[in-house]
There are 2 protein chains.
Amino acid sequence: MPAGDGDTIGNAEIGDRRETGTLGKLMLLLDIVTHADAPMRFTDILAVAGQPRGTLHRQLSHLSEEGLLEVDPDGRYAPGLRLLELASRSWARNEFRLIAEPHLRSLQQLTGETVHLGVLRGTSVIYLDKVEGRQPVRMYSQIGNASPVYCTGVGKAALSILPDARVRALLADVSFQRFTPSTHTAGTLLAELAEIRRSGNAFDREEHEVGIRCVAAAIHSEDLSFVGGISVTGPAYRLTSERLDDWAEPVRQTAQSIMSDMRIGLGPRR
Amino acid sequence: MPAGDGDTIGNAEIGDRRETGTLGKLMLLLDIVTHADAPMRFTDILAVAGQPRGTLHRQLSHLSEEGLLEVDPDGRYAPGLRLLELASRSWARNEFRLIAEPHLRSLQQLTGETVHLGVLRGTSVIYLDKVEGRQPVRMYSQIGNASPVYCTGVGKAALSILPDARVRALLADVSFQRFTPSTHTAGTLLAELAEIRRSGNAFDREEHEVGIRCVAAAIHSEDLSFVGGISVTGPAYRLTSERLDDWAEPVRQTAQSIMSDMRIGLGPRR
DNA sequence: CCGATAGTTCCATTATTCAGAACTCAATTT
DNA sequence: AAATTGAGTTCTGAATAATGGAACTATCGG
């Protein structure tokens, strides 16, 4: 039995054969290796990749030569540093992040809790930035992380601004996993989205992780090419219901400010 | 004139034609787009990529479809979120980082300054981790950043443990850029490496950035498949010469501890 | 020393990619 | 409004690189 949970790999990735030729096959390999929780040996990859040995060997060689994978002396494959390098540049220059950053900071100042910026991608939320309080910061701890839409404040806020048809289409591809007793199912989620639309705030009351709550609001471009949100997150004992309610307004306000900056920064074409 | 400084792109990347077929060409495009300081239009990329239009169009489509690039409504290409996602997973599971982390923390505690973990890749140092002090200072993602070998503590420490022939070969590919009055040139660097080898510590006295100093020590696996270092970095007014000397020993010690953990964690094959 | 497991190289076949041109669409110019 | 330019997209036979099967070479355990 190979290392890594080979079948948790690509909830959405696997199955839909993309039209990306050679690249698609290589990306699948990258996904396999980055999802594994330990470096994989050639044979381990062979077992899940569904490619002939010769082919796989060449593909892995190319990926390694480009630094996307790293081969240790025992011939085990791990994700390569080139990925970090590319991501670091892409993060540092991300327009949305740059625009949102000062606003996230002031929201952090106001609340004293951790503030997140996330964006909807496919059926996941990807965190683009994070501003923490005083504690020593674990940098990538959250940034770049893909989390489920249906049980995160940012995810639900993002869904709330999509037209109903698109929400349904999107949720069809999601397998609802029960993380805590309060985690949503397909049915309860749709009901809550209506509520979020009205109030302008999404809450996560220990739906993803026990003991963690948050209040969020959506951020989106007019044409919905960008759909995401921001949230204030913290431990349940500090984020009481009253607290969450108190912060609902400032979170909405901050989201508004970011959106208006986005229109200035990105709106006027060129 | 296209956006971005198209010729600063790949000091080391451009020129050496790698044997990675299709992948190599696609990676070149990724490099172009991630290095640009603003999203690039099709034509901008066309100008620097040296590919026929039809070809380039398909390549960019594939990259976008895979989420490695993102196309905004105006048809401009920016690095995609998929990169963050891949990097985040790869970072979270990186063996060296995981092993080093607790040691970096205690070194940070001891010194109160920022501690870095970096690794040598080609002619650059890539930062793998960073532990900061209490300041609400930006966690400004140093992580994943590629910095020159010849003017960073970690870089010089790393070079110091390589055999002289390899150092020379490596430096041949480096174009020494003068960042500050103290930045090394090819000649002075080799001399310093000898000194570093003896003492076990590398220093950066405002060679990369005015006002920033650091003391570093090398970390490497026995077979040199991993070559990097750690450093304590801070503002010159706090990191006086005496301070740097005081911390030289603990930095060496920490490097030692990490190396011995690496042997336990990675040494016994399988 | 043998058999087995793991990884690598080879090469005819086949599928992708290539390069150039033709085409569409929108914004400018005349 | 018609013509022109610029930007991006689609199409096609020809060129190239990827494929898959098999043969080859370690390396390991007994």
Side-chain angles (χ1 to χ4, degrees), chain A residues 1-4 6 17-33 36 38-66 68-78 223 225 267-270, chain B residues 1-4 6 16-33 36 38-66 68-78 80 223 225 267-270:
Chain A
M1 190 96 299
R17 180 136 268 129
R18 280 155 300 191
E19 281 302 311
T20 49
T22 305
L23 178 60
K25 295 162 197 157
L26 293 173
M27 289 304 293
L28 182 63
L29 293 181
L30 257 191
D31 266 335
I32 290 172
V33 175
M40 297 175 80
R41 289 202 320 279
F42 180 84
T43 321
D44 302 335
I45 305 177
L46 185 63
V48 295
Q51 298 271 14
R53 279 148 47 146
T55 302
L56 181 66
H57 186 260
R58 178 183 38 76
Q59 292 170 329
L60 291 176
S61 305
H62 284 179
L63 288 169
S64 306
E65 208 166 326
E66 288 292 343
L68 296 172
L69 293 180
E70 219 115 303
V71 202
D72 69 23
D74 307 356
R76 295 179 312 185
Y77 293 85
D223 60 355
S225 64
R269 298 289 147 93
R270 288 216 51 91
Chain B
M1 189 103 292
D16 63 340
R17 182 137 266 131
R18 281 155 298 196
E19 281 303 308
T20 49
T22 305
L23 178 61
K25 294 163 197 157
L26 292 173
M27 290 304 293
L28 182 63
L29 291 182
L30 258 192
D31 266 336
I32 290 172
V33 174
M40 296 175 83
R41 287 200 322 278
F42 181 84
T43 320
D44 301 335
I45 305 177
L46 185 63
V48 294
Q51 298 273 11
R53 281 161 34 175
T55 302
L56 181 65
H57 185 261
R58 178 182 38 77
Q59 292 169 330
L60 291 176
S61 305
H62 284 181
L63 288 170
S64 306
E65 209 166 327
E66 289 292 343
L68 296 172
L69 292 181
E70 218 115 303
V71 202
D72 70 23
D74 306 358
R76 296 178 312 184
Y77 293 86
D223 61 355
S225 64
R269 298 286 145 95
R270 294 207 48 92

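Labels below follow one simple rule: chain letters A, B, ... track the order of the sequence lines, proteins then strands, and each chain is numbered from 1.
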(message) Rounded at 0.5 Å granularity, tell me how far CG in A/Leu46 sits from NE2 in A/His57.
(response) 11.5 Å

(message) With a cut-off of less than 4.0 Å, is there a side-chain N or O of A/Gln51 near OP1 or OP2 of D/dA18?
(response) no

(message) Measure CG/B/Asp72 against C1'/D/dG8 and give the value in whole Å, please.
(response) 14 Å

(message) Just so I know, are the side chains of B/Leu56 and B/Phe42 near enough to count as touching, which here means a heavy-atom distance under 4.5 Å?
(response) yes

(request) Could you state the atom-to-atom distance from CG of B/Leu46 to C1' of D/dG6 in whole Å? (result) 12 Å

(request) Can you tell me the distance, in whole Å, between the CZ atom of B/Arg53 and the C1' atom of D/dA7? (result) 8 Å

(request) Tell me which of B/Thr55 and A/His57 sits closer to the 5' end of DNA chain C, going by the nucleotide each one is nearest to. (result) A/His57

(request) Without swapping roles, check the side chain of B/Asp74 against the backbone of B/Arg76 for a donor-acceptor pair under 3.5 Å. (result) no

(request) Return the value, rounded to whole Å, for the distance between atom CD1 of B/Ile45 and atom P of D/dG8. (result) 9 Å

(message) Side chains of A/Thr20 and B/Glu65 only: does a donor on one sit below 3.5 Å from an acceptor on the other?
(response) no

(message) Consider side chain to side chain contact (heavy atoms under 4.5 Å, CB included). Of B/Leu68, B/Leu60, B/Leu69, which one does B/Leu29 pass it with?
(response) B/Leu60

(message) Rounded to whole Å, please give me the gap between NZ in B/Lys25 and C1' in D/dA17.
(response) 8 Å

(request) Return no unless some side-chain N or O of A/Arg58 is found under 4.0 Å from OP1 or OP2 of D/dT19. (result) yes

(message) Please tell me if A/Thr22 has a side-chain N or O lying less than 4.0 Å from either OP1 or OP2 of D/dA17.
(response) no

(request) Output the distance between atom CD (B/Gln59) and atom NZ (B/Lys25), rounded to the nearest 0.5 Å. (result) 7.5 Å

(request) Could you state the atom-to-atom distance from CG of A/Leu60 to P of D/dA18 in whole Å? (result) 14 Å

(message) I need the CZ-P distance between A/Phe42 and D/dT27, as an integer number of Å.
(response) 17 Å

(message) Rounded to whole Å, how long is the line connecting atom CZ of B/Arg76 with atom C1' of D/dA7?
(response) 15 Å

(request) Extract, from 5' to 3' on DNA chain C, the first and final nucleotides lying under 4.0 angstrom from some heavy atom of chain A. (result) C/dA6 to C/dT17

(message) Please determine whether any donor N or O and acceptor N or O are separated by less than 3.5 Å between the side chain of B/Arg41 and the base of D/dG8.
(response) no

(message) Quick one, B/Thr22 and A/Leu23 - any side-chain contact, counting heavy atoms below 4.5 Å?
(response) no

